[in-house]
There are 2 protein chains.
Amino acid sequence: MVAAPQDWRQTATAHLARAGQRLTQTRASIVELLATSERPLTMPEIRELRPDLAQSSLYRNLVELEQAGVVHRVVTHDEFARYELGEDFSGHHHHLVCSRCGVVEDVPASPGLERSVAAAMAGAAEATGFRIDHHRLDLIGVCRRCA
Amino acid sequence: MVAAPQDWRQTATAHLARAGQRLTQTRASIVELLATSERPLTMPEIRELRPDLAQSSLYRNLVELEQAGVVHRVVTHDEFARYELGEDFSGHHHHLVCSRCGVVEDVPASPGLERSVAAAMAGAAEATGFRIDHHRLDLIGVCRRCA
DNA sequence: CTTTCTGCAAACGATTTGCAGCAGC
DNA sequence: GCTGCTGCAAATCGTTTGCAGAAAG
């Protein structure tokens, strides 16, 4: 399910094409940045890594990439949104969120947990009439650095 | 675990007192509003229900109430934050989120699911050095009205 | 060429804050 | 009276948008 490291370019091109968009230089830079990072990045972090890219272009492209399913925007209580590659690239996972400094770390999903969540989704769907597409599990605490 | 319907005033007073704050009229109005509502409310919804309260007072008091643990702020991809009573009032639950209209609905947590999540939390804590305090599970889909 | 993308600067809008008057001890 | 709360209006700041020139095809 996870694309090989060097395949993000191909996969991103395909996703973008399906949305009628191209993988431009700026977009490739963004995807490469996120593909290289261990964790979701905030706009300030992205800008620090690529000061040559205009902030408005970054925001605009992140929107395009999100609509194309290449990028996923992670929203927490922190002041900045964070961006990571979509699950087509990174595989399904959950997030550890530090309530002190806001840092977000990935944590792989375990089959047992996924089975329980799937059951909960089915139950909730039946009870409420929602059509449930996916889920998001955040484990919230204090990271080692902040403890 | 869930306070009786008429007990929110007492519980809120206690929580606020612990934070060195009082349950003023405005705050009681807010808590009552949230206690009465079936789902988390946005600021526009709150203002529509209580047009007499100033928006700045609402925001300011929601911050106080959140710090006192009375109110919980629900952040989604929607443009507005949503507010609900804390779990000391409403009991532990998860959220159904409509990706179309943004509405958030409560869904009770099942023991089996909680057990799986607890195991995942323990595993992630050990693997990463996070001290994990709690979790948040959102089931994301399309509500009946939007379908 | 035509279309899409980029960068700059200006606009937007949810939330926050300064301040003067009011309410509760 | 003090101290903390309220409401109004102004400020803040992450994010979005208009526009003119630059790339891609």
Side-chain angles (χ1 to χ4, degrees), chain A residues 9 12-13 15-33 40-68 70-84 101-104, chain B residues 9 12-13 15-33 40-68 70-84 101-104:
Chain A
R9 182 175 287 272
T13 303
H15 277 71
L16 282 163
R18 220 179 305 132
Q21 304 284 340
R22 298 179 263 159
L23 184 68
T24 63
Q25 278 194 352
T26 304
R27 288 175 191 169
S29 299
I30 294 172
V31 176
E32 180 175 31
L33 213 63
L41 298 175
T42 62
M43 178 61 57
E45 288 168 346
I46 295 173
R47 295 210 70 194
E48 194 164 344
L49 291 166
R50 295 302 304 267
D52 55 311
L53 302 178
Q55 191 172 44
S56 63
S57 292
L58 288 171
Y59 273 119
R60 237 185 309 235
N61 282 308
L62 285 166
V63 170
E64 292 293 348
L65 289 165
E66 191 184 12
Q67 286 171 350
V70 177
V71 162
H72 179 230
R73 182 203 295 232
V74 181
V75 178
T76 67
H77 285 79
D78 203 20
E79 54 186 332
F80 296 103
R82 284 155 203 275
Y83 299 90
E84 66 181 357
C101 72
V103 72
V104 175
Chain B
R9 181 175 287 271
T13 303
H15 281 244
L16 282 164
R18 220 179 304 134
Q21 305 284 341
R22 298 180 263 158
L23 183 67
T24 62
Q25 277 195 352
T26 304
R27 289 174 190 169
S29 298
I30 294 172
V31 176
E32 179 174 31
L33 213 63
L41 297 175
T42 62
M43 179 59 59
E45 288 167 345
I46 294 173
R47 295 211 70 195
E48 193 164 345
L49 291 166
R50 295 300 305 266
D52 54 314
L53 302 178
Q55 190 171 45
S56 63
S57 292
L58 288 171
Y59 273 118
R60 239 187 304 235
N61 283 307
L62 285 166
V63 170
E64 293 293 346
L65 290 166
E66 190 184 12
Q67 287 171 351
V70 177
V71 162
H72 178 232
R73 181 203 296 231
V74 181
V75 179
T76 67
H77 285 80
D78 203 20
E79 55 186 332
F80 296 103
R82 283 156 204 274
Y83 301 89
E84 68 180 356
C101 72
V103 74
V104 175

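Computed from heavy atoms alone, side chains included, the values below leave out hydrogens, waters and symmetry copies. Each chain gets a letter, A, B and so on, in the order its sequence line appears, and its residues count up from 1.
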Asks: Answer yes or no: does a side-chain N or O of A:Thr26 lie under 4.0 Å from OP1 or OP2 of C:dT6?
Replies: yes
Asks: Would you classify A:Ser57 as touching base, sugar-phosphate or nothing, given that sugar-phosphate means primed atoms plus P, OP1 and OP2, and contacts are heavy atoms under 4.0 Å?
Replies: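 Result for A:Ser57 = base.
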Asks: For the side chain of A:Arg22, counting heavy atoms from C-beta on, which of C:dT15, D:dG25, C:dC8 is nearest?
Replies: D:dG25
Asks: Does B:Ser56 get its side chain close enough to the base of D:dC8, under 3.5 Å, for a donor-acceptor pair?
Replies: yes
Asks: Tell me the interatomic distance from A:Gln25, atom CD, to D:dG25, atom P, rounded to whole angstroms.
Replies: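 Whole-Å distance recorded here is 10 Å.
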Asks: Rounded to the Å, how far apart are A:Arg47 CZ and D:dC13 P?
Replies: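 My rounded result for the distance is 16 Å.
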Asks: At 4.0 Å (heavy atoms only), tell me whether B:Asp78 reaches a base, stays on the sugar-phosphate, or touches nothing.
Replies: nothing
Asks: Report yes or no: does A:Arg27 contribute a side-chain atom to a donor-acceptor pair with the main-chain N or O of A:Arg22 at less than 3.5 Å?
Replies: yes
Asks: Rounded to the nearest angstrom, tell me the gap between atom CD in B:Glu64 and atom C1' in D:dT3.
Replies: 14 Å
Asks: Please check this pair: side chain of A:Arg47 against backbone of A:Leu58, looking for a donor-acceptor N/O pair closer than 3.5 Å.
Replies: no
Asks: Does any part of the side chain of B:Gln21, heavy atoms only, come nearer than 4.5 Å to the side chain of B:Gln67, both counted from C-beta?
Replies: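 Contact flag for B:Gln67/B:Gln21 side chains = no.
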Asks: Find the distance B:Leu65:CG to D:dC5:P and express it as a whole number of Å.
Replies: 11 Å
Asks: Can you tell me if A:Asn61 touches the phosphate of C:dC5, counting only side-chain N or O atoms and a distance under 4.0 Å to OP1 or OP2?
Replies: no
Asks: Checking contacts here: which listed nucleotide (D:dT16, D:dC8, C:dT15) is nearest the side-chain heavy atoms of A:Arg73?
Replies: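 Closest nucleotide among those given: D:dT16.
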Asks: Any side-chain N or O of A:Arg60 below 4.0 angstrom from OP1/OP2 of D:dT16?
Replies: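 No, A:Arg60 has no side-chain N/O under 4.0 Å of OP1/OP2 on D:dT16.
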Asks: Give a yes/no answer on whether the side chain of A:Tyr59 brings an N or O atom under 4.0 Å of OP1 or OP2 in D:dT16.
Replies: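 For D:dT16, OP1/OP2 do not have a side-chain N/O of A:Tyr59 under 4.0 Å.
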Asks: Roughly how many Å is it from CG in B:Asp52 to C1' in D:dC8, rounded to a whole number?
Replies: 15 Å
Asks: Tell me the interatomic distance from A:Glu79, atom CD, to C:dA14, atom P, rounded to whole angstroms.
Replies: 19 Å
Asks: Could you state the CD-P distance from B:Gln55 to C:dT15, rounded to the nearest angstrom?
Replies: 8 Å
Asks: Describe the nucleic acid contact of A:Gln21 in one word from base, sugar-phosphate, nothing, applying a heavy-atom distance below 4.0 Å.
Replies: sugar-phosphate
Asks: Which atom pair, heavy atoms only, marks the closest approach of A:Leu41 to A:Leu49?
Replies: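 The pair with the smallest heavy-atom distance is CD1-CD1, 4.1 Å.
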Asks: For the pair made of CG in B:Leu62 and C1' in D:dT6, what is the distance, rounded to whole Å?
Replies: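 For the pair B:Leu62 CG and D:dT6 C1', the rounded distance is 14 Å.
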Asks: Taking only side-chain N and O atoms of A:Thr24, does any of them lie within less than 4.0 angstrom of OP1 or OP2 on D:dA23?
Replies: no
Asks: Keeping the roles fixed (side chain from A:His15, backbone from A:Ala68), state whether a donor-acceptor pair exists under 3.5 Å.
Replies: no
